[in-house]
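As the structure lists them, so they are numbered: ligands from 1, and atoms in each ligand from 1.
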Amino acid sequence: MKFLFAAVPQWYPVSPYLAGGLLAGQLKAHGFSADTYDFNVEFFNDILTKDYALECLSKARSFNAADVVCEAEYSDDINEKRIKTAQLRQKIIDDYFKFDNGKCDSVIEELEYSVRVLKDKELFYDPEKLFRAKDVINSALDIASLPFAPSRIMLDNFIANGIMTYDFKDVDYQCKHDDMNMFLPYFEKKLGTLDLSSYDYIGLSITDLSQLVPGLTLARLLKKYTNAKIGIGGNYIFKVEGDMKKIPEIFSEYCDYLSIGDGETSVVELAEYISGKRDIADVHSLVYRDENGTVCTNERAPLLNLEKVAFPDFDTYDFSKYFSPETVIPVQLGKGCYWGKCSFCDFYTGQQKFDIKSVMRAVDEVEYLAKKYGAKHFTFVDEAVPPKIYNEIAKEIIKRGIEIYYYSFARLEKGFTPEVLENLYASGARFFMWGYEAESERIMKLINKGIDLSYRKKILADARDAGLWNLCTFLLCYPTETAEELQSTIDVIYDHELVNTCTPSNFALKKNAILKDNASSVGITDFAENGELHISYKYHALTQTMEEVKKKRNSFEKKYLEDTADRLWAHTFTESDFLLMYLAKYGRDYVKNYRLKYKRK
Ligand code: SF4
């Protein structure tokens with residue numbers, strides 16, 4: 001009885017994904033055998049080569065949209081989308097060669113060195129080399145995207161073809177046709193090099209929209225070409241569970257099981273079922289098709305006893321493959337969000353109600369992982385940890401003399417006093433990702449953030465004085481937000497004494513957000529499916545359209561990126577691990593005051 005947990009693209013390939021390690025550790029503690037494999041990091045290593053880039057350039061040069069014609073086997077709708085895609089691809093390719101002026105040659109020349117820069121301890125810590133290398137890598141990924149445009153792969157995102165919707169029929173077409181899916185030919189070739197015959201079960205985790213098409217593409221191939229049972233889990237699957245269950249092909253072509261919510265209990269029960277020791281109906285949180293073809297949904301797993309969950313096991317990850325010079329380990333101190341009432345939020349959806357490991361148990365885990373993997377850098381992946389508990393954890397880390405650096409999300413709560421922030425810094429915290437959201441009191445009331453707004457700036461100043469870096473997340477264009485209110489948030493973002501990194505996002509109406517049931521209260525007059533496998537709705541609000549929101553956010557971001565182009569990580573979504581490494585090595589003031597001579601793209 002052997003399980004494999006596979007991570008799928010696209011995810012920033014800096015550190016292993018927690019879910020695989022968590023479930024492998026849990027199974028091993030119960031006497032089963034389990035491995036992990038990171039298809040995401042393999043994918044980036046395999047495509048970021050000179051040969052792959054040359055192959056993509058050659059494919060792009062020989063592309064001719066006129067070769068794509070209507071085929072009788074497809075519906076009119078799909079044929080129309082195929083032709084539109086081909087026309088758009090032709091334009092993107094033509095523009096690329098028109099404006100490239102031979103730059104692609106230097107990108108290809110520098111590519112393999114640039115990959116080395118991200119992985120090499122000396123080269124990485126030279127900001128000039130690092131920021132240039134990231135640009136070269138992203139330019140190489142632009143080349144890799146050309147034959148599949150308008151889809152676009154980046155280190156920090158995968159933008160699927162916008163001509164296709166997130167309705168299953170469109171997703172299904174992409175999963176089966178390599179004219180619209182760069183992952184299909186890649187996985188077909190990769191699977192030919194792997195021996196997966198010893199696995200009885202292969203589980204994939206899909207946690208983000210960027211992983212939906214790649215994850216389902218891989219699931220389908222694994223179901224077709226291996227004898228293993230295929231399971232799909234992850235936060236994203238929880239969010240679209242209802243729609244997925246209605247699609248018969250999900251169970252006939254893509255997987256055998258959907259795993260809903262936290263998997264620590266159900267994975268052990270599933271292993272017991274596959275080894276004949278349990279009935280399938282007794283496997284919690286499982287969705288499957290029975291022998292009559294009926295889709296069955298088992299009961300959700302009871303609350304986990306977090307003290308009894310095994311430590312994660314990252315033994316079968318190859319750390320040398322990650323695009324990072326340091327090993328960064330993800331740790332989850334608890335489950336869920338202890339507030340859980342912000343109107344727009346669906347981050348904690350899929351996790352059980354808030355619970356946190358005891359201080360001793362949490363620090364034991366960190367200490368164990370630090371020793372076992374020789375790691376000093378950690379991400380605490382929690383949505384939020386109450387300041388009082390964080391303080392106790394920090395004090396225990398200090399008491400045991402564990403030398404680590406870490407970061408995590410946090411709420412701007414009064415409990416983050418100067419003393420607590422100093423303890424956190426002394427225990428290795430280097431930055432927190434604070435949910436600032438918006439400056440306007442009115443908007444914050446609508447968001448229902450549940451924090452005392454009069455303390456926010458003081459906490460940021462105290463964090464700064466304790467030596468911490470402040471990364472703040474902002475929510476722009478909440479429905480009814482006025483131009484003045486938006487500007488007041490932008491003014492805070494530009495206060496570099498308090499906000500070192502800004503991570504902006506624009507408002508989206510999520511299917512699982514509290515606001516969905518109360519959308520008219522903020523002038524959302526109607527909303528509808530944005531594709532059955534999408535986690536947000538299309539909406540129309542009295543004060544703004546979705547297009548206007550996108551425009552405002554893009555215009556802010558463009559200007560902010562120009563204004564801060566010579567700063568290190570004044571803006572980031574996904575490079576938190578890099579930021580941690582720099583803060584750990586050089587300290588906050590060096591990172592804050594450094595100005596790049598290299599002109600970023
Ligand atoms: S935005 Fe953060 S604090 Fe608010 S409910 Fe979501 S996870 Fe919790």
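Protein-derived N/O/S atoms nearer than 2.8 Å to atom 4 (Fe) of ligand 1 total 1, waters excluded.
Other residues, nucleotides and ligands contribute at most 12 non-hydrogen atoms within 6.0 Å of the CZ atom of F409.
Closest approach of A508 to S536, counting heavy atoms only: CB-OG, 4.0 Å.
Between atom CG of residue N157 and atom CG of residue D208 there is a gap of 7.5 Å, rounded to the nearest 0.5 Å.
Here the rule is side-chain contact (heavy atoms from CB on, under 4.5 Å) with Y436, and of L460, T489, N470 only L460 fits it.
Between the side chain of Q26 and the backbone N or O of A310 there is at least one donor-acceptor pair closer than 3.5 Å.
In this structure the side chain of F527 reaches within 4.5 angstrom of the side chain of K516, judged on heavy atoms.
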